[in-house]
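Below is one structure, written out as structure tokens; comments come after it.
Residue numbers run from 1 in the order of the sequence given. Values below: all heavy atoms of this structure, side chains included; hydrogens, waters and symmetry mates excluded.
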Amino acid sequence: MVALFMVRQLARQDRISLSPYKYLPADAREREVSPTYYEDQRPEGEVFRVAPSIQSDVIRDPYVKLFIPYFPERYDPVVESQCPEVRRQGGEDSPEPPPQALLGCLTRILKVTLDGRPIPGLEFNFHNHPKTGVRGVLGYIPTAGLARGSHLLRVDGIPGREKEETDPRAIRFWL
């Protein structure tokens, strides 16, 4: 166990590599094109409960459709601590908070930027993913006025237990 722990620590410090790829980074973040983020590249039948997604890496539509799954174990504590307007006053039997309050809260928590700038007027709507049944929110980002070429969509604020889970999700796409 001690030996495995030491190897893991050395690998984290980049002193040793367990990968045969000498020059390709294991974690490219903003320069990676991961099929996890693109609906048309995800394996059929697989469910991604945490990763946000857009329709494709090449967008031909007038909108980028950004789906962000709502994972109750992660989001509920954040909503409760940061959005008092959403909290149920009397427990489970009290009336549900207004849907607009929750959507406004999620807009504040999920800081979404396009090419490093906030997206003016971005609104989320509740959405059930048609293929997986995963519930979440869907936002439409207009492509009119965007230059042809590469763009970077970032979703910050995804709560998680591990640091890697809370790091911003960088979704690169092209027009």
Original post:
Got a salt bridge between R108 and E85, using NZ or NE/NH1/NH2 to carboxylate O under 4.0 Å?
Top reply: yes

**OP:** With sequence neighbours excluded, tell me which residues meet side-chain hydrogen bond (donor to acceptor under 3.5 Å, both in side chains) with E39.
**Re:** S53, H129

**OP:** To the nearest 0.5 angstrom, please state how far the CG atom of D57 sits from the CG atom of D40.
**Re:** 6.5 Å

Original post:
Taking all atoms of both residues into account, what is the closest heavy-atom pair of P77 and P72, and its distance?
Top reply: CD-O, 3.8 Å

Subject >> Minimum heavy-atom distance between V79 and Y70, given as atom pair plus value >> reply: CG2-OH, 3.9 Å

**OP:** Starting at CZ of R60, measure out to OG1 of T143 and round the result to the nearest 0.5 Å.
**Re:** 12.0 Å

**OP:** Looking only at non-hydrogen atoms, find the nearest pair between L66 and P52 and report the distance.
**Re:** CD1-CB, 4.3 Å

Original post:
Hey, what do you get for OH (Y37) to OG (S56), rounding to the nearest 0.5 Å?
Top reply: 16.0 Å

**OP:** List the steps, then state whether side chain to side chain contact (heavy atoms under 4.5 Å, CB included) holds for L114 with H151.
**Re:** CA-CA 7 Å; L114 178 60; H151 294 276; 4.1 Å; yes

Original post:
When you look at Y140 and D61, which way does the side chain to side chain donor-acceptor pair (under 3.5 Å) test go after all the steps?
Top reply: CA-CA 11 Å; Y140 290 85; D61 302 320; over 6 Å; no

Original post:
If every non-hydrogen atom of S150 is compared with every non-hydrogen atom of W174, which pair is closest and at what distance?
Top reply: CB-NE1, 3.4 Å

**OP:** Mind running side chain to side chain contact (heavy atoms under 4.5 Å, CB included) on F173 and I54 for me, showing each step along the way?
**Re:** CA-CA 9 Å; F173 68 91; I54 62 175; 3.8 Å; yes

Subject >> The single option from L106, I109, L102 passing side-chain contact (heavy atoms from CB on, under 4.5 Å) against C83 >> reply: I109

Original post:
Measuring from R172:CZ to L152:CG, what's the distance to the nearest 0.5 Å?
Top reply: 4.5 Å

**OP:** Taking the side chain as every heavy atom from C-beta outward, state whether L138 and I68 have any pair of such atoms under 4.5 Å apart.
**Re:** no

Subject >> side chain to side chain contact (heavy atoms under 4.5 Å, CB included) between L153 and V112, intermediate numbers included >> reply: CA-CA 7 Å; L153 186 62; V112 179; 3.8 Å; yes

**OP:** Mind checking the CZ-CZ spacing from R135 to F71? Nearest 0.5 Å is all I need.
**Re:** 14.0 Å

Under 3.5 Å donor-acceptor pairs involving side-chain atoms of residues 120-128, not counting sequence neighbours:
none

Subject >> Side chain proximity check, I141 to Y63, heavy atoms < 4.5 angstrom >> reply: no

Original post:
Which value, rounded to the nearest 0.5 Å, describes the distance between I59 atom CD1 and L146 atom CG?
Top reply: 10.5 Å

**OP:** Grab the two heavy atoms, one from L175 and one from A147, that are nearest each other, plus how far apart they are.
**Re:** CD1-O, 3.6 Å

